[in-house]
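The next block holds one structure in the form of structure tokens; read it before the comments.
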Amino acid sequence: MQDSRYHPEQVEKKWQQIWEERKTFEVTHQDTSRPRYYVLEMFPYPSGRIHMGHVRNYSIGDVVARMKMMQGFNVLHPMGWDAFGLPAENAAIKNNTHPAQWTYQNIGYMRQELKRLGYSYDWSRELATCHPGYYQWEQLFFLKFYEKGLVYRKKAPVNWCPTCVTVLANEQVEDGLCWRCDSSVENRELSQWFLRITDYAEELLQDLDKLTGGWPDRVLSMQKNWIGKSTGMEIDFPVQGLDAKITVFTTRHDTLFGATFMSLAPEHEMVPSLIRDNPGQDRIQQFIARTTAQEHRERTDDDAEKEGIFTGSFCINPATGEKMPIYLANFVLAEYGTGAVMAVPAHDQRDLEFARKYHLPVRVVVRPSDQSSDFHILDQAYSEPGVAINSGQFDHKPTHQVQEEIADYLESLQAGRRAVNYRLRDWNISRQRFWGAPIPVIYCEKCGIVPVPADNLPVLLPQDAEMPSDGRSPLPHMEAFVQIDCPECGGKARRETDTMDTFVESSWYFARFTTPRKPDSPFEPDAVKYWLPVDQYIGGIEHAILHLLYARFFVKALRDLGYWDLDEPFSNLLTQGMVLRDGAKMSKSKGNVVDPDEMIQRFGADTVRLYCLFASPPEKDLEWSDSAIEGSYRFLNRLWRTIHQLSGVLSPVGPCMPMDPGELSSEEKKLRAAEHEAMRRATRDMLDRFQFNTAIAACMELLNTIGQHREHLEKSSNGPRVLSSALSTLLTVLAPITPHISEELWAHMGHSHSLSESRWPDYDPRALVRDEVTVVVQVNGKLRSSISVPVDMDQEELKSLCLEEDKVKKHIEGKKVVKIIVVPGKLVNIVVR
RNA sequence: GCGAGAGUGGCGGAACCGGCAGACGCACUGGAUUUAGGAUCCAGCGGUUUUACCGUGGGGGUUCGAAUCCCCCCUCUCGCACCA
């Protein structure tokens, strides 16, 4: 007898070759015979090797893709590379090479790793964002955005990471630290390119409703928080002695009468004119210098001391006509609202602390509705709603009413207007780095900013760059790149040397996958219309704001440029949990990294995939266990052995082969019921709920049941057919999860067509109907006995049968039966007193 | 502080609409097979003072019946946070 043991490496290689030769996973949008389905996993950065997080992410995606194929969908399932980025530059410096070389080498290696896992990607659509064939379209979008005023250049305080030697977008600063390298971020004044994402703030917020149900609530709320809409008023405060006014944004205009001073961010544009005549200017300048030099993290720290300084100027409260001293305060943020705050110490804790420190007046203008008017403030500000006091004509009215009336009043005086403010800032996309898409702009001495004419795209990143060792971009010093004639006047000009944030690439790659090689335009309208939006997007929670917000914005912006009529890119989002080991994220420094290559070598790709899906449901973190993965390996071995040992009796029937129950023995019926029950559960868990762990448990149970009945059924009259159908069902359910071994055993059973081209069967509810059911008998809700009865037994008959039970009798003896509850087919509860 | 989520055996996890808590797997224990180890197969595996009682973070409630619904509290994770 030849070696019939399970050798994953042979089986897997064989089927990967077959799928490739047969182009099993190549699809086209011209297929109108089937409904379409687009499943996408977040594409990886080609860092060198894949890690377990990728394996988990892509295994989940692959099950979804293969499942949908078996359900008759035309499934687009592409893969590519998020290939621009800083690590390539650092590696290039270290190895004295070009970032492109490092990147393409990594892509080559990682592609092989992914292929070894047997994912159902349409590899003919593979793309790398660092390829000019990709980024040229991004440069075109930039030009179109520029025409529309959606991208603009401004000098502004920006986040500077000294380690990465570049600026960062607000979304890329976490807790004052760089998202990539954890360096403390500095504040710098630079001229940068910004995308006007704030134009879409309201739509980005509103459309979250469209995603409810399809996206996790957690992500929706994070996006909502980030956009940070608040509704209130802008109020103008005339400055005494200057023909100018300070505008504040407030949500509590009902407390306007209690505004006793003004707080400005030290960066506020009016500061120079406010302090011009102040003899103590030097001290103020020192304060400004000290505050603005502070690291972002330090200044916004919770426990940071509230500090300020008087400018010497006053403004007028438009409601009371009173003079309000103007202070600079370190806690007022230049980037939020207008950078100026009307301080209402009685009703805002920060203002109160500030007022106490600098001996400023505190005036109570709201009292709790259940307190008398001699309500006082000591060291706790009262920030709840209540009743207005000390507020002139608005007194004795509830605050919500006062809000409306003061808004009307100020608007009629033209001293203020209702306003909406967002926390979301425009997206700074300039990066002072080399390995990114060049921003297609030219600076002419005469004409100023001149966009590169679309015909001259792409602006290619030079192939011959030598990377300076200090991490700075070589571009500004590459005269061949920089020097150019102005396309408008022909005079001397210089190219922009900043490149785009790499999050720009990932904001539209899902659309390019629909026609990745199209040479003359970014998208083919028919293909985009057919495939988009992505039906199921899968990736890590770490992109809950960054990537997912940018991509949503891009879809809306490109819609308004006429590329499509799409509002949202991803209809459904699954955020998978992290892969942990010893309760911690895998990292080289902790030495708890599990190498996917090594696992594949030891157990095969199918086992690795199976374990990743079995160990926990997709959204939850997965604790890696070296011994638990052996359990998955054992299961596949048992499956392999079972089918090989039964070779003689198996035939290519099923899955869920229709059979006449009348012809089956009770044991045959039992296995058949187990088969259909497994199909029912697996279909529900996989298709509806993405709970692959319980679907796999159902498969294991089915194999266990087959094992119990196997010996007997091998010899019974219909046994072989029942066994064959059950095993076919098992392989069908496992096909999306462990495709190689499933195909191999499927072929071994004699099936002629390939399993990846088979259809997902429906279970037969009639197969689940049993003659007898086990009914649990409770007394006062406590389990006392269980009996087996015919499924169609009359309720009254069932009740009396339960009362006859010995174990039941013991518990109702000497008591009065008050009532009996019957849950048909399941349970009887006898209530006694 | 605000928002979201979670607490079930030694461990990962299950339990669909309120109806047998702990499916499935890991670890562990005993047995079979084996020169031995490994592999495989069979049996056991929440706790206890075991005819029974207790048990899903704690306390209360609704119900014939609660891991599941309601109220209060505790703990943990994540996100946001001097946001005017």
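Order of the sequence lines fixes the chain letters, A, B, ..., with proteins taken first and strands second; residue numbering starts at 1 for each chain.
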Counting only pairs under 3.5 Å, give me each side-chain donor-acceptor contact of residues 216-224 of chain A, with atom names and distances, residues two or more places apart or in other chains.
from	atom 1	to	atom 2	distance (Å)
A:S221	OG	A:R218	O	3.4
A:Q223	OE1	A:R552	NH1	2.8
A:Q223	NE2	A:A544	O	2.9

Legend entry - Inter-residue atom distance A:Q708.CD - A:L671.CG, 0.5 Å rounding: 10.0 Å
Inset, instruction - Just need the stems in RNA chain B: three or more back-to-back Watson-Crick or G-U pairs, each with both distances under 3.5 angstrom, sorted by first number. - result: B:1-7 with B:74-80, B:10-12 with B:24-26, B:28-32 with B:40-44, B:46-48 with B:52-54, B:57-61 with B:69-73
Roughly how many Å apart are [M] and [N], using the [atom1] atom of each and rounding to a whole number?
N: B:C45; M: B:U63; atom1: P; value: 37 Å
N: B:C74; M: B:G59; atom1: P; value: 15 Å
N: B:C54; M: B:A21; atom1: P; value: 13 Å
N: B:U50; M: B:G57; atom1: P; value: 27 Å
N: B:A84; M: B:G19; atom1: P; value: 44 Å

Legend entry - Given RNA chain B, 5'-ward residue of the pair A:S632 and A:V341, judged by closest heavy atom: A:S632
Inset, instruction - Return the 5'-most residue of the pair A:R680, A:S230 with respect to RNA chain B, ranking by each residue's nearest nucleotide. - result: A:R680
Inset, instruction - Under the ring-ring contact (aromatic ring centres under 6.0 Å, His included) rule, collect the residues that match up with A:Y633, sequence neighbours excluded. - result: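 Only A:F603 meet the ring-ring contact (aromatic ring centres under 6.0 Å, His included) criterion with A:Y633.
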Legend entry - Shortest non-hydrogen contact from A:A169 toward A:Y550: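 For A:A169 and A:Y550, the tightest heavy-atom pair comes out as CB-OH, 3.5 Å.
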Inset, instruction - Taking all heavy atoms of A:I288 and all of A:P266, pick out the closest pair and write down the distance. - result: CG2-O, 4.0 Å
Inset, instruction - Give, ordered by number, those residues of residues 694-702 of chain A having at least one heavy-atom distance below 4.0 Å to an atom of RNA chain B; if nothing qualifies, reply none. - result: A:T694, A:A697, A:M700, A:E701
By the 4.0 Å heavy-atom rule, please label [X] as base, sugar-phosphate, or nothing.
X: A:V332; value: base
X: A:P216; value: nothing
X: A:K224; value: nothing

From the options [options], select the nucleotide whose nearest atom is closest to the side chain of [X].
X: A:V776; options: B:G12, B:C83, B:C20; result: B:C20
X: A:K826; options: B:G19, B:C82, B:C20; result: B:G19
X: A:D217; options: B:A27, B:C83, B:A4; result: B:A4
X: A:Y336; options: B:G19, B:A14, B:C83; result: B:C83
X: A:Q691; options: B:A4, B:A14, B:C82; result: B:A14
X: A:R218; options: B:A4, B:A84, B:G13; result: B:A4
X: A:N704; options: B:G25, B:G79, B:C82; result: B:G25

Inset, instruction - List in chain and number order the residues that pass side chain to side chain contact (heavy atoms under 4.5 Å, CB included) with A:E796, two or more places apart in sequence or in another chain; answer none if no residue qualifies. - result: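 For A:E796, the residues satisfying side chain to side chain contact (heavy atoms under 4.5 Å, CB included) (neighbours in sequence not counted) are A:D794, A:K799.
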Inset, instruction - Applying side chain to side chain contact (heavy atoms under 4.5 Å, CB included), name anything that partners A:T320, two or more places apart in sequence or on another chain. - result: A:F257, A:N317, A:E322, A:R363
Within the structure, does a side-chain N or O atom of [X] lie under 4.0 Å from either OP1 or OP2 of [N]?
X: A:N693; N: B:A14; answer: yes
X: A:R784; N: B:C53; answer: yes
X: A:R423; N: B:A81; answer: yes
X: A:K782; N: B:C54; answer: yes

Please write out the pairs of protein N or O atoms and N or O atoms of nucleotides 6-10 of chain B separated by less than 3.5 Å, giving the distance to one decimal.
none

Legend entry - Set of residues satisfying side chain to side chain donor-acceptor pair (under 3.5 Å) with respect to A:E623, sequence neighbours excluded: none
Inset, instruction - Using the side-chain hydrogen bond (donor to acceptor under 3.5 Å, both in side chains) rule, take A:T729 and A:E675 through it: C-alpha gap first, then chi angles, then the decisive distance, then the call. - result: CA-CA 7 Å; A:T729 295; A:E675 173 194 357; 2.6 Å; yes
Legend entry - Pairs involving residues 695-713 of chain A, ordered by first then second residue, that meet salt bridge (charged side-chain N to carboxylate O under 4.0 Å, His left out) (sequence neighbours left out): A:R681-A:E701
Inset, instruction - Determine which pairs satisfy salt bridge (charged side-chain N to carboxylate O under 4.0 Å, His left out) with at least one residue from residues 251-260 of chain A, sequence neighbours left out, and list them in order. - result: A:R252-A:D254
Legend entry - Short side-chain to backbone donor-acceptor contact, A:H709 and A:K670, under 3.5 Å: no
Inset, instruction - Answer yes or no: is there a donor N or O on one side and an acceptor on the other, between the side chain of A:N572 and the main chain of A:W215, under 3.5 Å? - result: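 Answer holds: no.
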Legend entry - Syn/anti state of B:C17 by chi, 90° boundary around 0: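 Because its glycosidic torsion lies within 90° of 0, B:C17 adopts the syn conformation.
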Legend entry - Glycosidic conformation of B:G9, taking syn as within 90° of 0 and anti otherwise: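 In terms of base orientation relative to the sugar, B:G9 is syn.
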Find every protein N or O atom lying less than 3.5 Å from an N or O atom of nucleotides 37-44 of chain B, and list the pairs.
from	atom 1	to	atom 2	distance (Å)
B:U40	O3'	A:R641	NH2	3.3

Inset, instruction - Please test A:Y336 against A:S230 for side-chain hydrogen bond (donor to acceptor under 3.5 Å, both in side chains), starting from the C-alpha separation and ending with a verdict. - result: CA-CA 11 Å; A:Y336 185 80; A:S230 45; 3.1 Å; yes
Inset, instruction - Using only heavy-atom distances, decide whether a donor-acceptor pair under 3.5 angstrom links the side-chain of A:R689 to the base of B:C16. - result: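 Check fails, no donor-acceptor contact within cut-off.
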Inset, instruction - Identify whether the distance between the nearest side-chain nitrogen and carboxylate oxygen of A:D236 and A:R417 falls below 4.0 Å. - result: yes
Name the pairs: protein N/O against N/O of nucleotides 64-66 of chain B, kept only if under 3.5 Å.
from	atom 1	to	atom 2	distance (Å)
B:C64	O2'	A:N829	ND2	3.3
B:C64	O2	A:N829	ND2	2.5

